[in-house]
Amino acid sequence: FSIANLGAIGYYYNASAMASDSAGDMLIAINAACCASANELLEESSDNSTGTTLLGNMAAPISSMTVDAAGNIYYAAGGAVYELPFSGGSYGATPVAVGSGYKDATGVSLDLAGNLYVTDSGNSILYEIPNEGSAKSPALNASDRFMGACGLIITSAAAADASRIR
């Protein structure tokens, strides 16, 4: 996939988040606040072919997203976190809620072990959701000077030691 080809594929008015999968496909979230269109999640193929709408007419725009090694998309939208499962070569039609009790989930990221991290700026907490499916638990909170964070990137060093997340 070539960034130079993005303009040839299409225009992205008010793109609010981007991620790429292991095949090199770009996932682009569109925030409809500026336009007459709907909030959408688009996939642009790495072979530079026509894009596909994965989710359309979403109630809230996506603020952050990430993709795991299996191709599942995790995203924050409307203060909640969702997974769009990938199976059998295609994405599911219905997103699945991930965790609950967020006041304002704004960022998602995965570490190298596949653990999902969620920033909840409303509660000033960074949650960790282990990849084996156990319940979420706070990784950092306001007492760790974690207040009002909106985005999140996990590096390999941070994944090994949550005290190094900044």
In short, Tyr102 meets Asn123 closest at the heavy-atom pair C-ND2, 4.2 Å

What one should report as the nearest heavy-atom pair of Leu110 and Tyr74 is CD1-CD1, 4.3 Å

Margin query: Please check this pair: side chain of Ser64 against backbone of Val108, looking for a donor-acceptor N/O pair closer than 3.5 Å.
Written below: yes

Could you list the donor-acceptor pairs under 3.5 angstrom formed by side chains in residues 78-91, with sequence neighbours left out?
residue : atom : partner : partner atom : Å
Tyr91   : OH   : Gly71   : O            : 3.4

Applying side-chain contact (heavy atoms from CB on, under 4.5 Å) to Ala17 and not counting sequence neighbours gives Ala29, Ile62, Met65

How about Thr119 and Thr106: does a side-chain donor come under 3.5 Å of a side-chain acceptor? yes

Residues Ala77 and Ala60: closest non-hydrogen pair is CB-O, 4.0 Å

Separation between OG (Ser109) and CD (Glu128), nearest 0.5 Å, reads 12.0 Å

Output for pair (Leu55 CG, Ile73 CD1), nearest 0.5 Å, gives 7.5 Å

Are the side chain of Asn131 and the backbone N or O of Ala113 linked by a donor-acceptor pair below 3.5 Å? yes

With distance as the sole test, does Asp120 use its side chain to make a donor-acceptor pair with the main-chain N or O of Asp104 at under 3.5 Å?
-> yes

Can you find a heavy atom in the side chain of Leu27 that is under 4.5 Å from one in the side chain of Leu54? yes

With sequence neighbours left out, the residues meeting side-chain contact (heavy atoms from CB on, under 4.5 Å) with Ser20 are Met26

Let me see the working for Leu116 and Asp68 under side chain to side chain contact (heavy atoms under 4.5 Å, CB included), right down to the final yes or no. CA-CA 9 Å; Leu116 181 67; Asp68 69 13; over 6 Å; no

Sorted by chain and residue number, the side chain to side chain donor-acceptor pair (under 3.5 Å) partners of Asp21 (sequence neighbours excluded) come out as none

